[in-house]
Structure formats: C-alpha cells, structure tokens
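Beneath this line is the structure, given in structure tokens, with notes to follow.
Everything numeric here is computed off the predicted structure, so don't read it as measured data. One-based numbering along the sequence shown.
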Amino acid sequence: MTLEIDGTLVLAGAGNMGGALLAGWLERGLDPKRVMVQDPGPPMAMATLLAKHGIVSMPVLTLKEPPAAILMAVKPQVMEEVFPPLAKQAGPQTLVISIAAGRTIASFERHLADGAAVVRTMPNTPASVARGITGCAANAHVTATQRALCDTLLQAIGAVVWVENESQIDAVTA
C-alpha cells in the first residue's frame, strides 16, 4: 500500500522521532517529492536518508502554496524559534501536528490564523523503532479527513490512540 498525501508535507526536525517518521513514510511509499524538511543540521543517518531520496533539508522554508500538513518534531525549547516562520506558511486547510513534549494546542494556535487545525501528539519511546503508541488530541477545527491523515502519518511509528482532552495524552504513552 502506497502512502499518498494530497499536497506537501513539511517535517520540521529530522532527529530521532522526526527521522523515524520520515523513514516510515518512505518505507510505505510516500513520494519523496511530497516532503520538505526543515532542519539546518540533521544527524548523519538522516542526512544520508535525505540524500538517498533527493530530499533537501533547509534551514527555512518558503512554499509556493500552503502544505497539507506541518509536523513539528523539534525539541520543545526551540519551538518558539522554529514554529512562527512555519506558521506563516499554513493555509486554511493545513493540519499542524506537534510531537513536542509539553507544548499545548494553545501554544500553536496563537501563531496560526483563527480556525487552524492542530493535533497534539505524544509518542512513547518505542515509536523511534516503529513499535510505539502515540496519543493524540485534536482541537475543534480538525476535520475527519485531517484526523485520517494524522492517523496515516503517525502509524508509520506504531499504533495511534485518540483522547478527548489533551490532558489525557500522558496516560496513553505511560
């Protein structure tokens, strides 16, 4: 089964978790031309994977059209530096997915236009080897189609569990 995305997927951060996601997407047949990576210095293993698939890692992205999804896989302490420029790339249909520990849905919404779709996720450690469980919580603007896209993307690292309230995420991954 080929993983298909209608539009561009932006991955911010190609470290352990971002790298595991990207590797899983590519293994599932995602067209590398659909992926843009924002990471000024990916680890050697990820740089090799990016080069193998012709994916360029850039420090800052400027897109011609809004992406289908932006997945934030950077350390929480650099989120305020990395996310605001990416938030400007988001359009009304863009899904923003965070895997940053401790970053709430509200912390992303404040950089986005009203009505933006945001999903907060928290994968557990086995996700780095595609055997994890990821807890997800969505804001009220996430559509059924966007939820399905989030499932598809996150299943590259294991099972996905949705909770009604983002305060329940930690219990899923414990």
How about [X] and [Y]: do any of their side-chain heavy atoms sit closer than 4.5 Å?
X      : Y      : answer
Ile133 : Val161 : yes
Met46  : Leu22  : yes
Val56  : Val37  : no

Val35 vs Leu30, test: side-chain contact (heavy atoms from CB on, under 4.5 Å). Steps then yes/no.
CA-CA 8 Å; Val35 180; Leu30 179 64; 3.4 Å; yes

Contacts of type side chain to side chain donor-acceptor pair (under 3.5 Å), residue [X], not counting sequence neighbours:
X      : value
Gln89  : none
Asn165 : Ser167
Asp151 : Trp162
Thr143 : Gln146

Measuring from [X]:[atom1] to [Y]:[atom2], what's the distance to the nearest 0.5 Å?
X      : Y      : atom1 : atom2 : result
Thr145 : Leu95  : OG1   : CG    : 11.0 Å
Ile97  : Cys150 : CD1   : SG    : 4.0 Å
Asp31  : Leu9   : CG    : CG    : 11.5 Å
Leu149 : Glu4   : CG    : CD    : 12.5 Å
Leu154 : Leu71  : CG    : CG    : 6.5 Å
Leu153 : Ile5   : CG    : CD1   : 4.5 Å

Candidate pair Leu11 and Met36, rule side-chain contact (heavy atoms from CB on, under 4.5 Å), full reasoning
CA-CA 6 Å; Leu11 173 63; Met36 299 185 82; over 6 Å; no

Nearest heavy-atom pair of [X] and [Y]: which atoms, and what distance?
X     : Y     : result
Ala90 : Pro66 : C-CB, 4.1 Å
Ser57 : Leu50 : CB-CD1, 3.7 Å
Pro67 : Thr94 : O-OG1, 2.6 Å

Just grab all the ring pair (Phe, Tyr, Trp, His ring centres under 6.0 Å) pairs involving [range], residues at least two apart or on different chains.
range           : answer
residues 80-108 : Phe83-Phe108, Phe83-His111
residues 37-71  : none
residues 4-40   : none

Residue pairs meeting salt bridge (Lys or Arg N to Asp or Glu O under 4.0 Å), one or both in residues 32-60, sequence neighbours left out, come to none

Mind jotting down which residue pairs meet the salt bridge (Lys or Arg N to Asp or Glu O under 4.0 Å) criterion with at least one end in residues 11-24? Sequence neighbours excluded, please.
none

Results of side chain to side chain contact (heavy atoms under 4.5 Å, CB included) for Ala12 - residues two or more places apart only
Gln38, Met72, Val74, Val82, Leu86

Only counting residues at least two apart or in another chain, list the ones meeting side chain to side chain contact (heavy atoms under 4.5 Å, CB included) with Lys75.
Gln77, Val78

Return yes when atom CD of Glu109 has more than 12 non-hydrogen atoms of other residues, nucleotides or ligands closer than 6.0 Å, and no otherwise.
yes

Atom CG of Asn139 with >12 non-hydrogen neighbours under 6.0 angstrom:
yes

N/O donor-acceptor pairs under 3.5 Å from side chains in residues 113-122, not counting sequence neighbours:
residue : atom : partner : partner atom : Å
Arg120  : NE   : Arg103  : O            : 3.2
Arg120  : NH1  : Glu166  : OE1          : 3.0
Thr121  : OG1  : Ser98   : O            : 2.7

